[in-house]
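Each residue takes its place number in the sequence, starting with 1.
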Amino acid sequence: MTPQQDVDLAPFNTLALPGRAARYLAITAPGQLAATELAGSRRFVLGGGSNLVLTGDFDGLVLHMALQGKRLVKEDSEAYYIEAGAGESWPDFVQWTLRQGWPGLENLSLIPGTVGAAPIQNIGAYGLEVSERFHSLSAWDFKNRVLIDLDREACRFAYRDSLFKQQGWHLNGQLAIVSVVFRLPKAWTPILRYADLAQEFAARQSAAPTPLAIAAAVVAVRRRKLPDPAQTPNAGSFFHNPVVDAAGADALASRHPTLPRYLQPDGRYKLAAGWLIEQAGWKGKKLGPVGMYEKQALVLVNHGGATGTDVKRTMAAVQSDVKAAFAVELTPEPIFL
Ligand code: EPU
């Protein structure tokens, strides 16, 4: 179990940015995490690399979570409890649960990344966040050298956020998520309130909203709007949708009547970062090799040969133009290493 030296990380991040790890180890069994030589190093725990901006070389140890395995751990009158290893592919896991007849994750179809990374930024799409189907997780705590279990409440989930981001635990490699248990309620109801999905169903008049039909519709919408990282390197949405108070949203809407805004449970409004970026002139625009995608302005893409510095330059230009036009600050969604 000796780490490899000087490993190229470009194949392990979906933005295809260059960077090398001083040391690199693929973790294929949970027991490997307890090895004492891993405790003292500067670490980064890597999943699918689909929410990552590599800013250069990493002078530490990259632990690439490759833990496999998925199974039904428990079933009661209300729900199925399904456990998966952190290294399982998220989109494959979702398909597998649907094929087993355990619906509930269909709205999160085709999101790139791994099962272990899903809770870290509380992945969400088409009216569902993973926190709503999350039961618990097991993680290795490098400092205290124990395996800990965290339930849903302990994870302090919020919009694209969790305890792991709030405490900086993910970025400083303090914890490595080993496995996650999902709770999929037996009383299934379709979630079709998201406009794109409702339209897709209206267009497919004959398709009844079964879990598999919803998964297919989500896949179709995503393929239409979002670039495939294998063809056009990207990290999904590059900024959070900003949340502003009601007075701020009203002031913006009076100046920009078509402004999309969504009322949140706390009375504030979520704005559409993609709309703000498009209005600021960035849809399909490039600065050097990095631009904002022509079909979804919220997605930053590497047109070829970009470095982390190029990404930061385009990011700063977009933030500055959106701020000048709307006085709204955009914060990046990915983790910077
Ligand atoms: N819009 C524009 N121009 C654009 C893009 C969007 O005007 O170039 C407008 C749309 O017309 C719509 C609104 O912005 O009125 C929202 O757009 P969309 O439905 O495409 O969703 P989003 O808010 O841009 C979020 C998530 C996505 C998720 C979709 C679907 C965030 C940061 N992003 O995007 O998540 O797939 O909703 O639920 O919350 C990701 O996090 O990587 C991701 C892809």
Side-chain angles (χ1 to χ4, degrees), residues 1 12 25-35 38-39 43-52 61-76 79-106 108-109 111-124 128-157 161-167 169-185 335:
M1 211 215 46
F12 304 136
L25 183 66
I27 299 294
T28 52
Q32 287 174 282
L33 294 166
L38 305 192
R43 286 173 303 269
F44 180 70
V45 180
L46 177 66
S50 52
N51 199 43
L52 177 66
L61 170 65
V62 168
L63 295 175
H64 200 171
M65 300 304 285
L67 298 165
Q68 302 295 301
K70 40 194 194 297
R71 65 191 180 109
L72 175 72
V73 279
K74 187 172 103 173
E75 178 184 347
D76 59 24
Y80 300 105
Y81 298 80
I82 324 290
E83 182 184 57
E88 290 282 345
S89 144
W90 174 263
D92 292 353
F93 172 66
V94 171
Q95 275 304 311
W96 176 79
T97 56
L98 294 171
R99 283 199 311 270
Q100 301 297 312
W102 305 321
L105 296 173
E106 55 281 352
L108 304 180
S109 292
I111 297 181
T114 57
V115 164
I120 294 174
Q121 69 146 343
N122 185 17
I123 57 170
L128 182 71
E129 289 182 346
V130 78
S131 55
E132 296 167 73
R133 300 285 182 262
F134 176 92
H135 177 263
S136 58
L137 60 75
S138 236
W140 178 255
D141 174 344
F142 287 96
K143 200 161 104 198
N144 301 309
R145 300 180 42 74
V146 282
L147 205 54
I148 57 169
D149 285 318
L150 294 172
D151 65 11
R152 186 164 176 247
E153 205 186 329
C155 289
R156 300 214 311 247
F157 290 117
D161 197 23
S162 71
L163 184 68
F164 306 96
K165 287 185 93 173
Q166 292 152 20
Q167 300 289 333
W169 286 345
H170 178 57
L171 193 54
N172 71 19
Q174 185 173 326
L175 285 184
I177 295 174
V178 168
S179 60
V180 183
V181 178
F182 299 90
R183 180 183 184 278
L184 305 181
I335 283 166

Nearest atoms (heavy-atom pairs only) where Asp161 meets Asn122:
O-CB, 3.6 Å

Tightest non-hydrogen contact, residues Cys155 and Phe164, listed as SG-CE1, 4.0 Å

Please report the interatomic distance CD(Gln95) to CD(Gln100), rounded to the nearest 0.5 Å.
11.5 Å

Shortest non-hydrogen pair, Val94 vs Ser109, comes out as CG1-OG, 3.8 Å

With under 30° as parallel and over 60° as perpendicular, where do the rings of Phe93 and Trp90 fit, or are they tilted in between?
tilted

Euclidean distance, Leu175 CG relative to Asp141 CG, rounded to 0.5 Å:
5.5 Å

Nearest-0.5 Å distance, CG of residue Leu105 to CG of residue Leu184
5.0 Å

His64 meets the side chain to side chain donor-acceptor pair (under 3.5 Å) criterion, sequence neighbours left out, with Tyr24

Show me the donor-acceptor pairs, under 3.5 Å and distance only, between side chains in residues 112-120 and residues at least two apart or in other chains.
| residue | atom | partner | partner atom | Å |
| --- | --- | --- | --- | --- |
| Thr114 | OG1 | Ala117 | N | 3.4 |

Evaluate Asp76 against Tyr81 for side-chain contact (heavy atoms from CB on, under 4.5 Å), listing each step before the verdict.
CA-CA 8 Å; Asp76 59 24; Tyr81 298 80; 3.0 Å; yes

What class does the angle between the rings of Trp96 and Trp102 fall in, given that below 30° is parallel, 30 to 60° is tilted and above 60° is perpendicular?
perpendicular

Heavy-atom pair with the smallest gap, counting every atom of Leu72 and Ile82:
CD1-CD1, 3.6 Å

Looking at Gln166 and Arg156, would you say the former's side chain and the latter's main chain have a donor-acceptor pair under 3.5 Å?
yes

Report the distance from atom OG of Ser136 to atom CG of Asp149, rounding to the nearest 0.5 Å.
6.5 Å

Considering residues at least two apart in sequence or located in another chain, which fulfil the salt bridge (charged side-chain N to carboxylate O under 4.0 Å, His left out) criterion with Arg183?
Glu78

Side chain to side chain, Met65 and Ile177, heavy atoms closer than 4.5 Å:
no

In the structure I gave you, are the side-chain heavy atoms of Glu129 and Phe157 within less than 4.5 Å of one another anywhere?
no

Are the side chains of Leu67 and Pro30 in contact, using a 4.5 Å heavy-atom criterion?
yes

Could you tell me the separation between the CZ atom of Arg133 and the CG atom of Leu128, rounded to the nearest 0.5 Å?
5.0 Å

Evaluation steps, side-chain contact (heavy atoms from CB on, under 4.5 Å), between Trp140 and Leu63:
CA-CA 12 Å; Trp140 178 255; Leu63 295 175; over 6 Å; no

Name all residues meeting the side chain to side chain donor-acceptor pair (under 3.5 Å) criterion together with Gln32; count only those two or more places apart in sequence or in a different chain, and write none if there are none.
Thr28

Would you please test Ile123 and Asn51 for side-chain contact (heavy atoms from CB on, under 4.5 Å) and show each step?
CA-CA 10 Å; Ile123 57 170; Asn51 199 43; over 6 Å; no

Steps toward side-chain contact (heavy atoms from CB on, under 4.5 Å) verdict (Val62, Phe12):
CA-CA 11 Å; Val62 168; Phe12 304 136; over 6 Å; no

Lys165 side chain reached by Gln121 side chain, heavy atoms, under 4.5 Å:
yes

Does any N or O in the side chain of Glu132 come within less than 3.5 Å of the main-chain N or O of Val130, such that one atom is a donor and the other an acceptor?
no

Closest contact, heavy atoms only, Asn172 versus Trp169
OD1-O, 3.1 Å

Can you list the residues that meet the side chain to side chain donor-acceptor pair (under 3.5 Å) rule with Glu75, with sequence neighbours excluded?
Lys186

Over all atoms of both residues, closest heavy-atom pair of Arg43 and Gln174
NH2-CA, 4.3 Å

Contact list for residues 82-93, test salt bridge (Lys or Arg N to Asp or Glu O under 4.0 Å), sequence neighbours left out:
Lys70-Glu88, Arg71-Glu83

Euclidean distance, Phe44 CZ relative to Ile335 CD1, rounded to 0.5 Å:
5.5 Å

Hey, is the main chain of Val146 close enough, under 3.5 Å, to the side chain of Asn144 for a donor-acceptor pair?
no

